[in-house]
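Have a look at the structure below, then the notes.
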Amino acid sequence: MPLSPLAARGTLHRGWGREGGVSRRALLAGLGAVAVLRPKVALADDAPAPPETPFIVDLPARGRKTGAAGGTVRTLIAKARDVRYLSVYGYTRLVGYDADLTLRPDVLERVDVEGGRFTFTLRKGHRWSDGHPFTTDDFRYYWEDVANQKELNPDGPPAFFLVNGRPPQVEFLDLQTVRYTWDRPNPMFLPALAAPRDPLIYRPAHYLKAYNPRYVGKEAADAKAKAAKLRSWAALHTRLDDNYELTNPDCPTLQGWVPRTRAPATRFSFERNRSYHRVDTAGTQLPYIDRIVMDVASTGLLVAKTNAGEADLMFRGLTMPDIPSLKEGERAHRYRTNLWPVARGSEIALYPNLTTLDPGWRALNRDVRFRHALSLAIDRRTLNNTLLFGLGTEGNDTIVPESALFAPEMRTLNAGYDAAQATRLLDDAGLDRRDGSGIRLMPDGRPIEIVVESDGEAGEILDGLTLITEFWREVGIRLVTKPQERTNLRRRSIAGLTVMVAAQGLDLAVPTAIMPPTELSPRQPDHYSWPRWSLNLETRGKSGDPCDVPEVQALIELDQQWRDTDDAARQAAIWREMLMNHARNTWVIGTVAGALQPVVTADRLVNLPARALYSWEPTALIGVQRLDEVFWDVAGDKRAAVEGAKSK
């Protein structure tokens, strides 16, 4: 079944359903079409302009307002590198999720899928931000000169391009059509293109060829690198190829806003892309906002500056404990603090390392009685009241009820508070001996002192561990917290040096069946519960250790079964089976979920919802809510002023 052309808001793909909407032909007929989509004035061949076949956004059909272009939005970032997050929540993708988490064409006009064959059709007349045509040559450049160029990409194409280790056959049928063909289904492919971090399987070929020895010769490419004080042409190419980091104003982009500031800087400016591919039903090209300004401020000042009205849109860097302070400044500085539920499996999760190199701890962590006892010994109600003001959901690290795949037992199984049962399980596991201070002893005589390592910047996790230390002490287990830098934590985990890690829980906690369940198995790289097994799978047996626990082997097999089918019903069944495997075995000890994310917006900034799910994946922070549809409601401000004058 094909993923059909996006016609206003109607899309078909296999069993994904159709969302109602008028056809594009009817819509254009009603608008007078051609005059709406392209200006009548003559344009230079390389002038920025929307495509001849744009993505037409029907805002009223979704309960949103049609807006007017113009204005600047201010936001704050903690460090200069954070400008890259605009490419996350700006959310311009070949295919992307809408607010209902339905996968639809975006930059692409059409996607046709037949088994393992994916045919992409580009929008006629689509241009890069510098006015140069966007064609399949840009896909060819990525495939031939980036993905398969060893100096730029030593590991070859990304994993989502490989089915059983084999890349696709790639055909460039014409300037608007590219086809990827595998000999079996590849359900990883389209979700990977919709990810929070865009894999960017196209590149601005016309710009980057000038730095590639294949096109300008090695001597010329190396000379340009030397002039930039870099060691190789590949280093220069990587620096200039900047559609994610957004610090090179010279690099053409398809995103909604084009960077205009070169790092280093403390203020970064982005201007509206006048070649952007989306227009509303009134013929206004998106994004509505002309300019985004990002000011760098220290982490400790983000809340205070937001409270003082120095940001028109703010969410990253704000947390649930900041809500009272943010609420205080609303009236004086004319903003509102929207509270979006965080779609995460658990705000604090504990990952017993089943692949730790210490044989004593490895045996304990693999004992399901031990894991269940640790889970049952946690008073989640106290954690909820202390950390989330009692508003959270207590239980396992699992998906949230907003997902159609959810079942209540996924959250509750083996996740109540029962210190007496925890004590019995520990005794049954052979841990009935204690030292003089009441701490239980391992079979080899060592006290059960669990060193829980964590990211030192995660303050909420460290606060939670303080409480869990008391809970576990009641059943004879000592917890020692070891915060550290995140990179070092991951390095120690992969090396098998950690016994247990505390971190946030399941990232993809509001999945649909077509989203890969990789995070639930050792297929996920660097998973804290089984990093050595993950490394073994990632390196195809060259490093790490092969999995030797049947219940985890079942997760690996289920993940492979998901990859081998494109039947959504079968994929949903696999998701549920993997989630219940986790609930039965407690591979990860969840605590409490349901934090609220403050999303601060100026009063006159409209078209962002008051409530929506917030997550890294799949919502790309606020990305699926479409920042390009947000605008300044000047008319609303004038109405408020008139009403205020009348009331005096």
Side-chain angles (χ1 to χ4, degrees), residues 14 103 115-116 157-168 182-196 199 345 349 351-355 366 396-399 403-407 410 493-494 505-588 590 616-618:
R14 304 187 181 280
L103 193 60
F160 62 82
F161 267 119
L162 306 179
V163 174
N164 291 337
R166 300 177 189 173
W182 292 267
D183 58 7
R184 58 193 308 165
N186 182 4
M188 301 286 291
F189 189 40
L190 294 183
L193 303 184
Y351 296 78
N353 185 354
L354 278 66
T355 63
R366 292 188 183 192
N396 287 318
D397 176 36
T398 192
I399 62 175
S403 170
L405 304 172
F406 177 78
M410 296 172 183
S493 175
I494 293 170
L506 190 67
D507 205 27
L508 180 53
V510 58
T512 63
I514 67 162
M515 298 176 188
T518 305
E519 197 176 353
L520 298 174
S521 88
R523 290 276 188 183
Q524 173 74 20
D526 302 339
H527 194 290
Y528 289 129
S529 286
W530 36 60
R532 302 285 297 169
W533 294 338
S534 293
L535 182 62
N536 186 262
L537 288 170
E538 186 179 11
T539 62
R540 299 181 189 176
K542 295 178 182 178
S543 299
D545 305 312
C547 177
D548 55 355
V549 173
E551 295 84 356
V552 181
Q553 288 173 335
L555 291 172
I556 298 172
E557 292 166 4
L558 286 165
D559 181 87
Q560 186 60 51
Q561 291 174 28
W562 186 94
R563 295 165 187 251
D564 288 340
T565 184
D566 54 5
D567 179 83
R570 176 61 185 142
Q571 289 173 328
I574 290 169
W575 259 103
R576 293 188 179 100
E577 189 171 350
M578 294 179 74
L579 287 163
M580 286 308 300
N581 180 309
H582 270 256
R584 289 191 300 270
N585 291 288
T586 316
W587 307 119
V588 180
W616 172 256
E617 188 176 9

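Keep in mind the model is a prediction, meaning the values are calculated, not measured.
- Scored by the side chain to side chain donor-acceptor pair (under 3.5 Å) test, Asp507 finds no partners at all (sequence neighbours excluded).
- Among residues two or more places apart in sequence or in another chain, the salt bridge (Lys or Arg N to Asp or Glu O under 4.0 Å) test is passed with Arg570 by none.
- Partners of Arg184 by salt bridge (Lys or Arg N to Asp or Glu O under 4.0 Å), not counting sequence neighbours, listed by chain and number: Asp564.
- Atom CD of Gln553 has more than 12 heavy atoms from other residues, nucleotides or ligands within 6.0 Å.
- Gly345 approaches Ala509 most closely through the heavy-atom pair N-CB, 3.6 Å.
- With rounding to the nearest 0.5 angstrom, the CG atom of Leu190 is 6.0 Å from the CG atom of Leu103.
- Under the 3.5 Å distance criterion, the side-chain polar atoms of Gln524 are left unmatched by any main-chain donor or acceptor of Ser534.
- Looking at heavy atoms from C-beta onward, Pro199 lies in side-chain contact with Leu193 at the 4.5 angstrom threshold.
- Every residue was checked against the ring-ring contact (aromatic ring centres under 6.0 Å, His included) condition with Trp616, not counting sequence neighbours, and none meets it.
- Residues satisfying the ring-ring contact (aromatic ring centres under 6.0 Å, His included) criterion with Phe406, sequence neighbours excluded, are absent altogether.
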Would you sort out whether Arg563 and Arg523 count as a side-chain contact (heavy atoms from CB on, under 4.5 Å), showing the intermediate values?
-> CA-CA 11 Å; Arg563 295 165 187 251; Arg523 290 276 188 183; 3.8 Å; yes

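- Partners of Asn396 according to the side-chain contact (heavy atoms from CB on, under 4.5 Å) rule, which considers only residues two or more places apart in sequence or in another chain, are Leu413, Ala415, Ala583.
- Atom CG of Leu555 is separated from atom CG of Leu579 by 9.5 Å, given to the nearest 0.5 angstrom.
- Contact of the Cys547 side chain with the Asn536 side chain is not registered, since no non-hydrogen atoms from C-beta on lie closer than 4.5 Å.
- One distance of note links CZ of Arg576 with CE of Met580; it measures 12.0 Å at 0.5 Å rounding.
- In this structure, CG on Leu537 lies 9.0 Å from CG on Asp559, to the nearest 0.5 angstrom.
- Note: Tyr351 and His527 have perpendicular aromatic rings, judged against thresholds of 30 and 60 degrees for the angle between ring planes.
- Taking every heavy atom of both residues into account, Ala513 and Gln571 meet most closely at O-CB, 3.5 Å.
- A pairwise comparison of heavy atoms in Arg540 and Gly165 identifies NH2-CA, 3.6 Å as the closest pair.
- A pairwise comparison of heavy atoms in Leu520 and His582 identifies O-NE2, 2.8 Å as the closest pair.
- At distances below 3.5 Å, not a single donor-acceptor pair connects side-chain atoms of Asp566 with backbone N or O atoms of Pro187.
- A side-chain donor-acceptor contact under 3.5 Å links Glu519 to the backbone of Leu508.
- The side-chain contact (heavy atoms from CB on, under 4.5 Å) search around Ser493 returns Thr498, Tyr528, Pro531, not counting sequence neighbours.
- At distances below 3.5 Å, not a single donor-acceptor pair connects side-chain atoms of Trp533 with backbone N or O atoms of Leu354.
- Here Asp548 pairs with Arg366 under the salt bridge (Lys or Arg N to Asp or Glu O under 4.0 Å) rule; sequence neighbours left out.
- Asn164 pairs by the side chain to side chain donor-acceptor pair (under 3.5 Å) definition with nothing, not counting sequence neighbours.
- When atom types are taken as modelled, the side chain of Trp182 and the backbone of Phe161 share a donor-acceptor pair closer than 3.5 angstrom.
- Closest approach of Ser529 to Val588, counting heavy atoms only: OG-CG2, 3.6 Å.
- Trp575 pairs in a side-chain contact (heavy atoms from CB on, under 4.5 Å) with only one of the listed residues (Pro517, Pro516, Ser403), which is Pro517.
- Atoms OG and CZ, on Ser543 and Arg532 in that order, are 7.5 Å from each other to the nearest 0.5 Å.
- Shown here are the side chain to side chain donor-acceptor pair (under 3.5 Å) partners of Trp587, two or more places apart in sequence or in another chain: Asn581.
- By the ring-ring contact (aromatic ring centres under 6.0 Å, His included) test, Phe160 is found to be paired with no residue, residues two or more places apart in sequence or in another chain being considered.
- Between Ile399 atom CD1 and Leu405 atom CG the span is 5.0 Å, to the nearest 0.5 Å.
- Scanning for side chain to side chain donor-acceptor pair (under 3.5 Å) contacts around Arg584 gives an empty result, with sequence neighbours left out.
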